[in-house]
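Structure first, then comments.
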Amino acid sequence: MKRTRLIRKIPGDDEDRLSELPDCVLCYILSFLDTKYAVQTCVLSKRYKNLWSSLPNLNFDKNSLKRLSSFTKFVDQVLTLRDNSVKVNDFKFSSRWAINSYFLRKVVNYAMSHGVQGLNLDIHYDGIFDFLESWHSSESLKTFELKSYVYFVQLRNPLSFPKLKILHLEGVSFEHLSCPSVRDLTLIGCAPYKLDTWNINAPQLTKLTITSGCFELVAFKVVVSAPRLTSFCYSGSRPLSLSMGEQSGLEVISIDIDRYGWWERKKEVEKKVALDLVNLLQLFHNAKSVTLSLGTIEVLSLFPGLLALERSPFANMKSLKFKASRKCSNLGIPAHVMTYLLNNSSQAEFFMEWPSNRCPRHKRCKHCL
């Protein structure tokens, strides 16, 4: 005999409890959705008909629509019909299609004029794009992220936002950077705009990350004025031509030189790169925590006689980490390189960090040295 399972129905279980929440709570929940899906909730009931127009966060995703014309039309309609009295906290705009300067300016201007705090632009744009004077004087913008597909976004006027705390630029060409409040700066694949020297003036900056990407900064000099800098990270196929004042608080550094990204493998070129690397490391004599890739070690090991003439760059080092990559074939640390690095910090602890598929025991393993 087949048994039937009785399900007890809880009184009031069929009630729509979500719709009973106040508008501010519902808007907060909908803000986690892509704006396209948030707008689509208007068909659920009369309660939701205009609720999307009061969302504090806007997220226009490149994958939400299949054609550029549909995407731009949707964005334009949302910005037109949205409640203008509601400020924008976070604004994210991502487009896989090439967009023109008029539309991009309209999008950015809407965000800026509505007191945006976090602005994220992930775009396919080729050409010059000027920031309006009113944007630079924004008192609300705290976080700004600008990424460009394929081409450089060229910013002719210096970047200057009075209240900005976090700045992330990728594939951007600009003149100078002068942000009095920025504390975290990331530059990936960026380049100076028609200049030989790149000036970064950030008196509150504590963390600086530079990755050269496909564009090498060897032809330019980077001048950093950041007296409160505590962390510096650089990655590229050649050492960075860097100038900075006395950095007594700079305690954490990471240097990754990818030798296999060089265009020329001539001896005189390799020697110049090795010398440039030595000069770069001398800037960080106060560093306490140092991370060097094995590619960086390989460059230092090319000319033993060069290191014999140089003093150890680190006088206060407490920790030295060697970081291996999957494409490094030589995992040994030459004795003359170890002497050069540890001569002034004989008590420093050192260890190796392996890629997840290299060391069979664990990622950090002293015994593998």
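Position 1 is the first residue of the sequence, and the numbers go up from there. Remember, it's a predicted structure, so these values are computed and weren't measured experimentally.
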pair Ile123-Leu146: side-chain heavy atoms closer than 4.5 Å: yes

Can you tell me which residue pairs pass the salt bridge (charged side-chain N to carboxylate O under 4.0 Å, His left out) test with a partner in residues 287-297, sequence neighbours excluded? Glu251-Lys288

Rounded to the nearest 0.5 Å, what separates atom CD in Glu145 from atom OG1 in Thr186? 8.5 Å

Applying ring-ring contact (aromatic ring centres under 6.0 Å, His included) as the test, list every pair that has at least one member in residues 54-82; sequence neighbours left out. Phe60-Phe91, Phe71-Phe93, Phe71-Trp97

Leu342 vs Ser312 side-chain heavy atoms within contact, under 4.5 Å: no

Using every non-hydrogen atom in the two residues, find where Ser173 and Pro192 come nearest and quote the distance to one decimal. OG-O, 3.5 Å

Reported CD-to-CG distance for the pair Gln204 and Leu164, which is rounded to 0.5 angstrom: 12.5 Å

Are any of the side-chain heavy atoms of Val116 and Leu141 separated by less than 4.5 Å? yes

Shortest non-hydrogen contact from Gly236 to Ser212? CA-OG, 3.2 Å

Which residues pass the side-chain hydrogen bond (donor to acceptor under 3.5 Å, both in side chains) test with Asn84, not counting sequence neighbours? His114

For Ser293 and Ile257, which heavy atoms make the closest approach, and how far apart are they? OG-N, 3.5 Å

Is there a side-chain contact between Asp61 and Lys36, using heavy atoms and a 4.5 Å cut-off? no

May I ask you to test the Leu26-Thr41 pair for a side-chain heavy-atom distance under 4.5 Å? no

Are Leu300 and Leu302 linked, directly or through intermediate hydrophobic residues, by side-chain heavy-atom contacts shorter than 4.5 Å (ILVMFWY only)? yes

NZ (Lys142) with more than 12 external heavy atoms under 6.0 Å: yes

Distance check, rounded to the nearest 0.5 Å: Leu159 atom CG versus Cys179 atom SG? 6.0 Å

Can you tell me how far apart CZ (Arg105) and CG (Asn100) are? Round to the nearest 0.5 Å. 11.0 Å

Do Asn343 and Phe314 have side chains that get closer than 4.5 Å, going by heavy atoms? no

Should the heavy atoms of other residues, nucleotides or ligands under 6.0 Å from CD of Glu268 be counted, would the total exceed 12? yes

With distance as the sole test, does Thr206 use its side chain to make a donor-acceptor pair with the main-chain N or O of Arg183 at under 3.5 Å? yes

For Leu341, which of Leu307, Val290, Leu292, Ile333 qualifies under side chain to side chain contact (heavy atoms under 4.5 Å, CB included)? Leu292

Rounded to the nearest 0.5 Å, how far apart are CG of Leu79 and CG of Leu81? 9.5 Å

Just jot down the ring-ring contact (aromatic ring centres under 6.0 Å, His included) partners of Phe144, sequence neighbours excluded, or say none. Phe131, Phe161

Identify all side-chain donor-acceptor contacts of residues 272-283 below 3.5 Å with residues at least two apart in sequence or on another chain.
{"residue": "Lys272", "atom": "NZ", "partner": "Asp276", "partner atom": "OD2", "Å": "2.9"}
{"residue": "Asn279", "atom": "ND2", "partner": "Leu275", "partner atom": "O", "Å": "3.3"}
{"residue": "Gln282", "atom": "NE2", "partner": "Arg311", "partner atom": "O", "Å": "3.0"}

Side-chain heavy atoms of Lys221 within contact of Ser241, under 4.5 Å: yes

Minimal heavy-atom distance between Ser160 and Ser178, with the atoms involved, is OG-O, 3.1 Å

Closest non-hydrogen atom pair between Gly171 and Cys190, with its separation: N-SG, 4.0 Å

Kindly give the heavy-atom pair with the smallest separation between Tyr48 and Leu44, and that separation in Å. CD1-CB, 4.0 Å

Which is it for Leu242 and Met244 under the side chain to side chain contact (heavy atoms under 4.5 Å, CB included) test, yes or no, and what are the steps along the way? CA-CA 7 Å; Leu242 182 66; Met244 57 174 62; 3.4 Å; yes

Checking side chain to side chain contact (heavy atoms under 4.5 Å, CB included) for the pair Ile188/His168: CA distance, chi angles, key distance, verdict? CA-CA 8 Å; Ile188 300 177; His168 181 116; 3.9 Å; yes

Who are the side-chain hydrogen bond (donor to acceptor under 3.5 Å, both in side chains) partners of Asp34, not counting sequence neighbours? none

Rounded to the nearest 0.5 Å, what's the gap from CD1 on Ile166 to OG on Ser181? Could you check? 12.5 Å

Step by step, work out the side chain to side chain contact (heavy atoms under 4.5 Å, CB included) result for Ile200 and Leu187. CA-CA 11 Å; Ile200 298 175; Leu187 304 174; 3.9 Å; yes

Before giving the answer on side chain to side chain contact (heavy atoms under 4.5 Å, CB included), spell out for Asp90 and Asn120 the whole-Å C-alpha distance, their side-chain angles and the decisive distance to 0.1 Å. CA-CA 8 Å; Asp90 290 313; Asn120 187 314; over 6 Å; no

Thr296 side chain to Ile255 main-chain N or O, any donor-acceptor pair under 3.5 Å? yes

Donor-acceptor pair, distance only, cut-off 3.5 Å: does the side chain of Thr35 make one with the backbone of Asn59? yes

Test of understanding: clusters of I, L, V, M, F, W, Y form through side-chain heavy atoms closer than 4.5 Å, transitively. Do Phe350 and Val252 belong to the same one? no

Is a side-chain N or O of Trp198 found less than 3.5 angstrom from the main chain of Leu177, in a donor-acceptor match? no

Please tell me whether Leu55 and Val25 are part of a single hydrophobic cluster in this structure, the criterion being side-chain heavy atoms less than 4.5 Å apart. yes

Cluster overlap Leu250 with Val223, hydrophobic side-chain contacts below 4.5 Å: no

Can you tell if the side chain of Asn57 reaches within under 4.5 Å of the side chain of Tyr28, non-hydrogen atoms only? no

Phe284 with Met338, same ILVMFWY side-chain cluster at under 4.5 Å: yes

For Arg82, look at atom CZ and say whether over 12 heavy atoms of other residues, nucleotides or ligands are found less than 6.0 Å away. yes

